[in-house]
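Side-chain atoms are counted along with the backbone in the values below, which use heavy atoms only and exclude waters and symmetry mates. Lettering follows sequence order; numbering is per chain, from 1.
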Amino acid sequence: MTGFMTSTRNQAEAMPATDRAPTSTTFSRALGIAALVGIGWLIVFGLFLSPNDRVQKTGVRILYIHVPSAWLAYLAFGVTGLSSLAYLWKRTRSLTWDRIAGASAEVGVLFMGITLVSGSLWGRISWGTYWTWDARLTTTAFLFVTYIGYLAVRGLGGTHQQRAKRSAVLAILAVVEVPLVHFSVTWWRPLHQNETVENGKLSGLMLFTLFVGLIAFTLLYVWLVLHRQRVLTLLDQVDDRGLDVAIAERRNEAVTS
Amino acid sequence: MEPVPQPVVELVVELVDVVAVLGSFPALAGASLTVNRGEIVLLRGPNGAGKTSLLRLCAGLLPVERGTATVLGCDLVADRTSVRNRVGLLGHSNGLYADLTVTDNVRFWGATVGASAKEIDASLQRMGLASRLADVQVAKLSAGQRRRTALACLVARRAELWLLDEPHAGLDAAGRDDLDVTLRAAAAAGATVIVASHELERAGALATRVVEVVGGQVRQVAE
Amino acid sequence: MEPVPQPVVELVVELVDVVAVLGSFPALAGASLTVNRGEIVLLRGPNGAGKTSLLRLCAGLLPVERGTATVLGCDLVADRTSVRNRVGLLGHSNGLYADLTVTDNVRFWGATVGASAKEIDASLQRMGLASRLADVQVAKLSAGQRRRTALACLVARRAELWLLDEPHAGLDAAGRDDLDVTLRAAAAAGATVIVASHELERAGALATRVVEVVGGQVRQVAE
Amino acid sequence: MNMWRIARLVAAKDLRVEWRSRVVTNQVLPFAALVMVMFAFALDNDQVLTRVAPGLVWLATMFSLLVIVQRAFAVETADGAMDALQVAGVRPGGIFLGKALALAAQLAVLELVLLAAAVVLYKTEIVAGGIVLLVTTYLAATIGLAFVGTLYGGLAAGAKGRETLLPLLMLPVVAPVLIGATRATEAALGTENATPSDGWPWIGLLALFAVVFGVGGTLAFGSLIDE
Amino acid sequence: MNMWRIARLVAAKDLRVEWRSRVVTNQVLPFAALVMVMFAFALDNDQVLTRVAPGLVWLATMFSLLVIVQRAFAVETADGAMDALQVAGVRPGGIFLGKALALAAQLAVLELVLLAAAVVLYKTEIVAGGIVLLVTTYLAATIGLAFVGTLYGGLAAGAKGRETLLPLLMLPVVAPVLIGATRATEAALGTENATPSDGWPWIGLLALFAVVFGVGGTLAFGSLIDE
Ligand code: HEM
Ligand SMILES: Nc1ncnc2c1ncn2[C@@H]1O[C@H](COP(=O)(O)OP(=O)(O)OP(=O)(O)O)[C@@H](O)[C@H]1O
Ligand SMILES: Nc1ncnc2c1ncn2[C@@H]1O[C@H](COP(=O)(O)OP(=O)(O)OP(=O)(O)O)[C@@H](O)[C@H]1O
Ligand SMILES: [Mg+2]
Ligand SMILES: [Mg+2]
């Protein structure tokens, strides 16, 4: 995985300070196009081909965004957790893992946001309210805030290594909340849908459309993370170059004084 | 419990082109310094030169951004923590618990290296705190009395490398003498001492070698 | 706005058998001291003698328990507050706002006496802070740079009576010179300066008179 | 120099500190929002929630107030600036008004956020008829709270273990404001079909409170912070 | 020297600080009690109160926890003792366990007070059948909270504007404990005729939390406080 993840870093380190580094490679371009196609595909199925629901009527179509985004958020946070582990484990320690963790968390927060918004819109339709104190909604909200906190801690400053260590620990602790959200529906008295999908309560075509959405979102996720972590790489390099300048100035103090 | 015997290292501190950053500012910009066991080195230099940063780096508190740093045989680049329980640092702030008494404080810091009650008393004696002050809360001490307490805590830690940031500041005449005696004794007993100070006469007389820190770098000073 | 012109008092500080308590401890136990306009008085004495307490009392921060105390013509027993906006105090701590920049701080303290922008800049100049440091947050300064900032704030206050607690501590060679120049200039301009310090050579050279504080009392020191 | 100049000076300074550190913006606001969420979840029952929404909003305000006041005086005591302020001859009354001013400003922003949160989370509806009452309530309560907060913040700033003494001192005093503001808000929002007219008497209480602590603080602040 | 010795050392030190300063005893306990009263005010409705009593008890615990944790680390950072601790080579894991231990002890006392307050103020009845569950809940929750508090307290201690970063980091993480403890307590007290058997699953959640943060903290505290 790190193989192509680090591709630009090698490029960028090879190149002179002046010219700009591309964050895209043929691979990621292909990926981006695939993601676009996938989303188009989803629109077709989601909005036109898939049937209405008995109770939910056409509102059910939100499902195709709502659920995939939620699951992808889980995935993103999972990836953040894993790459954080990879960073902490001495044998695989590399800032690349830290940047992947950061990038994935950012995208995860984005998807969780989509879940929240689509969910509350859906709620307006089917429950007649944007928000209610249902267990899953609340736990989702907490998960959302937790990762905002995670990102805040990433911004606390210090050296790259300090940032990496600090946030890695948080990420591993935070990921514990994901199962909490998932199982909340079975643990609390729920209003929110419980395992609809696992229990195969969806008609064939709906299920299929859902998986189309899943695929499209997954492609999108990989594409976003790929680019975001490359941007982060470049940002870290900018810091380092800034440091070179600062060091030069600092040394001058010795001369002038 | 006795401290585990440490391998004898003649070269106690060896910094080569060390860069260390505070926030984004390179407090140390290519500093190189070697200190041998038993030396008492004085760091002088203008405000903001990087003396405190240098001391904190040697104590393993400040990460090494670039260059190599070896203290008491431990490679700080690889691992900043293992050196810590062998150095003692007195910073600009005293690191005391204001709600505890002088004795409480010295006892606590001593306990971290398993110092005996006898050693604790000895430390208090050394800094002239075995008086009524011994049982006074630190919050109720004068500035200089606090500094003395902090020094007593340092003494109790029986470190191999002593790092002191302006130790004379705030001490009265007697306190300064106590301090110099203590440091000379420590050095004689095989410890190594690095002192950052602006009181050049006083600290200069104490030191066996003087180096100058300027703009995050270290300059040797010709005698 | 200009400060209201004050009546010329030759006798700036007059303490007679002053007792002042911290908690239940008599930090000052019958201290008597007179200081005339234009003097630079050095307070020396062991740690815990009562120097800081004496300065705080003159600044109207510490209530007079017994005896009489008159500062700049104000009777501190009757009213401790009216003297305050005419004295300037630099304590052991700097009294700076860490989140603000150096200039912000000096400007704020200057503004409390309606100092003009020109005077602010002058104060910064005096303590050698008119450099890149001027716009750095105090939290990001080194110990000595903070002390300089605190001194700049004091200068901006244009006080009639300057009370300084170990002003030299933490300052580098240049800073010490700046400080001495500043204090001499202030005294020459008719202000009065009282300095508590343990750096007897340095502060002794600066002072026009030396008194010793011991056990909460003041002793004259024969030249 | 006169008291108002000093008040302005101190207020400007406090707001600049916030501007440079962004502590209230980045940390207290999210905290306040979180508190709302916590309440809602602790109760988790919609009818109850809408019924007690006004109370919860003001409770959350109260807790955030604690945090902000703590911060406001941590700034002063961290490096002994409080002493410096006193010696600077800055009139205690001026310090009081200045800090209260800055506090009120930050508090006002906070309350808007909390109100918004209530609308979203607790399904609070704001009825046109109640707007005037609502705004008046918020004004009166905010000023009152700012005064109380500054007064007791200053008092606690001197004492040791400040971070914990403050809540103890403040909460009981603030309780009347809490009640008054809650009732007035309920009236404004027509909770349990209360009508605006029920609210106005409470405004009286709030106003009285603001005045008492405003005057009291301006006169007594000096002797309070004077350790 | 080994981790447990250090943990004992640090815990003893923290408790001695409390013993000498009495801050938690004299200030946090009354505060917690006050919070309970405030809730009662804000809701003022008996049925509602008894229904949500468990939730409120745990909410109050949460807020007091924030205050205690803040205090616990204010002690360390006030004069740079945190640096000294690190240099003293005191194993971070040891510091973590030690501070958590002291925190748990203080928290336990606090919870007893709050429970007593609930009985008095909210007319909560403690049924014999639920005692075992109740005690277990309190044990599990207390340990979990102590660990979480220490972990995030340490993390925030380094950052600027610490007094406000802490709540933001802590509340969302603590929320599950809040929920779990609340439900378990409801079961133990038979609120809304829940039976103890409903409670035990929650203990699992609480225990999980305690373990995760206990282990995590012991291993990772070093890299968190390393400014
Ligand atoms: C703000 C409101 C909402 C939030 C935050 C939310 C959150 C979530 C989350 C996090 C998941 C992933 C569950 C998992 O598999 O772990 C999910 C799944 C789901 N949501 Fe929502 N949701 C909301 C509103 C709604 C509404 C109004 C409906 C429909 C009436 C709905 C229907 C579903 C369905 C059917 C699933 C798939 C369930 C499964 O198979 O596990 N959601 N939602
Ligand atoms: N809060 C307090 N309660 C009781 N005694 C106190 C308190 N604060 C200070 N003291 C005592 O008051 C005495 C005078 O303190 P002060 O700070 O004036 O001494 P000093 O001359 O400034 O000492 P130094 O040279 O160390 O600064 C000291 O002996 C100190 O122990
Ligand atoms: N948090 C920070 N962010 C950015 N720069 C900082 C920070 N802290 C300190 N600095 C800068 O780092 C430099 C080195 O600081 P350091 O404390 O090592 O100097 P020093 O030699 O100890 O000075 P002094 O003699 O005044 O104690 C200073 O110029 C200071 O401005
Ligand atoms: Mg320094
Ligand atoms: Mg003193």
### Message
Can you confirm whether more than 12 heavy atoms, excluding those of E:Trp4, are under 6.0 Å from its CH2 atom?
### Response
no
### Message
Suppose we screen for side-chain contact (heavy atoms from CB on, under 4.5 Å). Which residues come up paired with E:Ala60, at least two apart in sequence or across chains?
### Response
E:Val35, E:Met36, E:Phe39, E:Leu114
### Part of A:Leu170 lying under 4.5 Å from any heavy atom of chain E
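For A:Leu170, the side chain is the part near chain E, not the backbone.
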### Message
Do A:Leu180 and E:Leu205 have side chains that approach each other closer than 4.5 Å (heavy atoms only, starting at C-beta)?
### Response
yes
### Query
Which bit of E:Leu151 is near chain A, if near means a heavy-atom gap under 4.5 Å: side chain, backbone, both or neither?
side chain
### Message
Would you compute the distance between atom CZ of A:Phe142 and atom CG of E:Leu178 and round it to the nearest 0.5 angstrom?
### Response
7.5 Å
### Message
Please report the interatomic distance CG(A:Leu173) to CZ(E:Phe147), rounded to the nearest 0.5 Å.
### Response
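Going from the CG atom of A:Leu173 to the CZ atom of E:Phe147 covers 12.5 Å.
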### Listed once per pair and sorted, the side chain to side chain donor-acceptor pair (under 3.5 Å) pairs that draw on residues 105-115 of chain A, sequence neighbours left out
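For residues 105-115 of chain A, and leaving out neighbouring residues, the side chain to side chain donor-acceptor pair (under 3.5 Å) pairs sorted by first residue read A:Ser69-A:Thr115, A:Glu106-A:Arg228.
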## Note on the structure
Heavy-atom nearest pair, A:Thr146 first then E:Pro172, reads OG1-CB, 3.7 Å
